[in-house]
Amino acid sequence: MTRHKKIIWAVCAVLVAGLCLSTTAAEAQKKLTVLTWNIPYFEDGFKKWVTDFNKKHPDITIERLDKKGTEYATFYQTQVVAGTAPDIIDVQGALWLEYAAKGGLVDLTDYLKRDQDYTQRIYPEILKGWVYSGRNYGVPMYISKTLLFYNKLLFKEAGLTDPPKSFDQLLEYARKMSKGEKSGLITLNFDWLYWPLLAMNGVELLTPDYKKAAFNTPKAVQVVEALAKATQEGAINKISWTTRWVEPNSAFGSGTVGMLHAHAPAFLWFKGNAPWVNENTVGAAHLPGGWSTPNSHSWLISKGTKLPDAAWDFVKIASSGEGAYALGTGTNNLTGDRIANEQLMEHFRKNIPAVVPVLKTQLEHLDKLCGNWAVAKDAEIKETFYPELQSALLGQKSAKAALEDAERKVNRVLQQR
Amino acid sequence: MKKKRTRELLLLWCFLAPSLLIFLLYRIIPLLWNGLLSFQFWSPYKPAEFAGLYHYQEMLFYDDAFWRVLWNTIVMMGSAPLGIALALGVAVLVNLEIRGRNVYRTIMFMSYPVMTVAVGIIWQWLYNEKVGLLNYILLSLGLIRRGIPFLQSFDLALPCVILASIWQVIGFYMIILLAGLQTIPSELYESAEIDGAGAWKRFCAITLPLLRPAIFLCFVIGIINSFTSFDLVFVMTQGGPAHATDLLITYIYTVAFKLSKFDYAAALTVVNFVFFLGLALLANRLSGGEAGAVETGK
């Protein structure tokens with residue numbers, strides 16, 4: 001063997017040995033990866049979760065990842081495809097349905113049955129928000145649902161006192177406050193957050209068996225026509241139907257909008273940008289009929305995890321007791337844990353009294369949640385239905401034609417494999 | 001002699017190998033995989049099944065949004081000449097012997113290095129129905145009685161996005177065209193002037209023909225931009241209202257990552273690729289069939 005060849009063989013041997021050693025080391029090290037949704041600032045509480053978790057599992061390390069909402073789904077799905085999905089994920093809204101329906105999540109039903117001391121702490125109405133085909137795939141991380149914020153200054157200017165009590169009154173109030181650069185009402189539209197406006201009028205999206213569209217009714221046509229008319233008149237700001245989160249909340253924060261239909265986390269966001277916002281200037285109420293769309297965050301466990309039991313232990317720590325309290329104080333939200341929420345409300349009364357009326361609404365009318373259908377094709381139905389509704393609301397199509405087209409398309413989505 | 005030639009060739013391949021490997025890994029293999037995926041039912045959680053032409057059938061016969069976004073992409077692409085024409089006008093102006101022309105050139109170029117996301121946000125506020133500058137001006141001049149919801153309008157949203165896109169890239173086009181203008185010998189204009197050619201005639205007979213390579217380059221860049229204007233659309237309108245500003249590229253993203261239909265998105269990507277390939281071939285033909293060719297020494 002020449003000297004040259006000997007060197008090549010030696011280099012190869014070193015590389016192979018190194019690879020083997022690193023593989024062995026990786027196998028020996030147990031690790032859980034936790035993916036959170038846009039809470040990079042939540043550090044102390046997360047460390048507390050890890051400390052508490054390591055008391056039970058000292059041999060398992062926790063790696064944390066955090067992604068913004070806009071890049072979250074892309075990141076997670078790419079990781080799933082690569083076979084390196086994070087073990088524990090914090091997911092907003094109904095995104096989990098797709099993952100659950102395709103078999104990408106660990107079924108938590110048996111864990112919840114087994115650990116009754118944990119399950120008893122969680123609101124049953126909220127917990128059932130993560131049930132698909134009779135199985136529970138998630139537990140609440142922090143809870144949020146829509147409510148009506150109203151600008152008391154604009155209400156006073158328009159001679160209004162209390163928040164509206166019916167759909168007609170909602171539009172009437174919006175008209176009274178709309179003038180020049182001011183508009184009466186803005187709603188968030190993503191993740192079915194606008195659905196309470198239809199639900200309060202008795203409109204259903206699908207039949208009870210989720211097999212056909214059920215929204216194309218004379219009443220629905222009438223409601224969409226009323227919303228479109230208010231939009232054309234400027235009583236409902238058009239950005240309600242075209243932008244996502246920042247713009248509607250910013251518009252309300254600018255003091256030129258009478259009412260904002262948004263979820264609870266919006267409050268501290270627009271308050272942070274608008275010094276005029278306080279208990280005396282902004283009120284929090286339920287929409288007429290108490291209807292709201294939940295948009296809570298949940299903890300879920302990826303099917304690919306090698307340590308499902310340990311992952312479940314982490315989820316329990318993060319979503320109950322002191323862990324839930326840490327999350328609530330760290331992110332200014334309520335959690336799914338009833339006992340932790342009592343302590344949290346006490347904390348908010350002392351430290352951020354302005355947020356208390358907002359958070360109180362989050363625990364009321366839990367029987368009036370809507371826009372949260374456990375359908376595997378939720379995202380696809382949403383993407384099919386909304387452009388048609390948008391066309392009607394922005395005056396491109398008549399309400400009747402838009403709902404007919406939407407019905408045809410939604411039924412086709414439901415029939416597809 | 002032969003041994004020397006083999007060694008040279010080996011060396012050549014050694015230098016090329018890293019680039020070819022990257023090209024293979026990040027272009028060719030994904031392209032083939034994408035083509036394969038478009039004929040399958042596939043999701044990250046389940047084994048693949050053969051789908052035949054199912055996704056293409058769905059796209060061509062049932063998906064109204066596909067035709068809309070394809071049309072939008074063509075319109076966006078068709079706007080490239082408009083941007084080039086404007087940039088040419090600006091380039092001609094800042095090429096004149098006027099005082100402070102370097103300042104004007106800098107001002108015109110300033111929009112180009114701005115991040116596309118920032119451009120989107122700026123224009124989004126400019127177009128705002130209630131507090132936007134454009135509506136404020138139009139209202140102040142008494143040209144309109146109520147603010148125009150530019151980005152919420154089905155007819156105006158796409159032209160508005162195109163305008164923002166042109167504003168961003170016009171400075172870049174201008175620099176390319178200005179460089180082209182400065183290579184045209186002044187003697188040609190002097191001779192033409194002596195022969196009695198007017199300004200318009202000189203522009204048509206001298207400037208335009210000699211600027212052809214620069215214009216062609218701008219055109220190619222414009223076409224590529226129109227295919228990849230993802231960030232601008234995403235920030236300004238997210239493809240709405242009702243797909244009025246959706247382009248193929250934004251629609252592919254929505255289908256893949258919002259709806260988790262990677263297989264259908266793959267079929268859309270194939271169409272996007274074929275469309276783009278067709279344009280590249282056309283551009284190559286228009287440029288004399290030698291675009292990208294490198295002359296080698298003998």
Side-chain angles (χ1 to χ4, degrees), chain A residues 70-83 85 95 98-99 101-105 180-183 190 231 234 237-244 246-247 251 254 256-257 303-304 377 379-380 382-384 386-397 402 405 409 412 416-417, chain B residues 37 41-47 49 51 54-55 58 61-65 68 117 121 124-125 127-132 135-136 139 146-155 157 234-246 251 253-265:
Chain A
T70 44
E71 61 196 59
Y72 184 97
T74 316
F75 174 79
Y76 181 64
Q77 304 226 34
T78 338
Q79 295 300 305
V80 170
V81 175
L95 204 57
E98 183 83 25
Y99 308 153
K102 288 182 175 167
L105 298 175
E181 62 167 8
K182 289 172 190 157
S183 44
F190 66 90
T231 306
N237 193 312
K238 289 189 179 71
I239 63 168
S240 294
W241 313 120
T242 54
T243 53
R244 193 177 156 86
V246 174
E247 297 82 358
S254 73
T256 58
V257 178
K303 191 84 170 179
K377 290 183 173 176
E380 212 175 328
K382 198 158 40 195
E383 287 292 322
T384 307
Y386 191 61
E388 294 300 331
L389 181 70
Q390 239 184 347
S391 303
L393 295 171
L394 296 172
Q396 183 76 358
K397 275 184 185 176
D405 286 347
K409 290 179 183 178
R412 174 153 176 83
Q416 274 174 333
R417 56 168 284 148
Chain B
L37 197 60
F41 293 116
W42 186 89
S43 98
Y45 308 100
K46 285 181 178 172
E49 278 176 65
Y54 180 89
H55 301 303
E58 183 69 23
F61 302 111
Y62 298 103
D63 188 357
D64 299 346
R68 177 81 204 219
V117 172
I121 294 170
Q124 205 181 26
W125 283 110
Y127 287 134
N128 190 288
E129 182 190 4
K130 297 277 179 182
V131 292
N135 273 315
Y136 176 77
L139 283 166
R146 270 177 61 179
I148 301 169
F150 291 102
L151 295 179
Q152 286 77 41
S153 157
F154 285 79
D155 303 320
F234 202 69
V235 171
M236 287 181 76
T237 60
Q238 291 165 38
H243 302 294
T245 55
D246 240 346
Y251 189 56
Y253 173 82
T254 304
V255 170
F257 293 107
K258 279 193 184 171
L259 308 183
S260 304
K261 290 169 74 176
F262 291 92
D263 40 15
Y264 186 53

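Quick note on labels: first sequence line is chain A, next is B, and so on, each numbered from 1.
Your options are Leu151(B), Asp64(B), Val255(B), and the one with the most heavy-atom pairs under 4.5 Å with chain A is Asp64(B). Comparing Gln77(A), Arg412(A), Glu247(A) by heavy-atom pairs within less than 4.5 Å of chain B, the highest count is held by Arg412(A). When Lys102(A), Lys182(A), Lys377(A) are compared by the number of non-hydrogen pairs under 4.5 Å with chain B, Lys102(A) comes out ahead. The residue among Trp125(B), Tyr54(B), Tyr62(B), Phe262(B) with the most heavy atom pairs within less than 4.5 Å of chain A is Tyr62(B). The greatest number of non-hydrogen atom pairs below 4.5 Å with chain B, out of Glu181(A), Lys238(A), Glu388(A), is found for Lys238(A).
For Ser153(B), no part lies near chain A; criterion is any non-hydrogen pair under 4.5 Å. The contact between Asn237(A) and chain B is made entirely by side chain atoms (from C-beta outward), counting heavy-atom distances below 4.5 Å. Only the side chain of Lys409(A) comes within less than 4.5 Å of a heavy atom of chain B; its backbone N, CA, C and O stay farther away.
In this structure, the separation between CG on Asn128(B) and OG1 on Thr243(A) is 9.0 Å, given to the nearest 0.5 Å. Note that NZ of Lys261(B) is 10.5 Å distant from CD of Glu383(A), once rounded to the nearest 0.5 Å. Atom CE of Met236(B) sits about 11.5 Å away from atom OG1 of Thr242(A), to the nearest 0.5 Å.
Nearest heavy atom pair, residue Phe154(B) against residue Ser391(A), reads CZ-CA, 3.5 Å. Looking at every heavy atom in both residues, Tyr253(B) comes nearest to Thr70(A) through OH-O, 3.4 Å.
If you check the side chains of Ser260(B) and Tyr99(A), you find no donor sitting under 3.5 Å from an acceptor.
Listed by chain and residue number, Ser302(A) satisfy the side chain to side chain donor-acceptor pair (under 3.5 Å) test with Tyr76(A) (two or more places apart in sequence, or in another chain).
Within a 6.0 Å sphere centred on OH of Tyr136(B), heavy atoms belonging to other residues, nucleotides or ligands number 12 at most.
Only one option out of Gln124(B), Gln152(B), Glu129(B) pairs with Ile239(A) in a side-chain contact (heavy atoms from CB on, under 4.5 Å); it is Gln152(B).
Not a single donor-acceptor pair under 3.5 Å links the side chain of Gln390(A) to the backbone N or O of Pro241(B).
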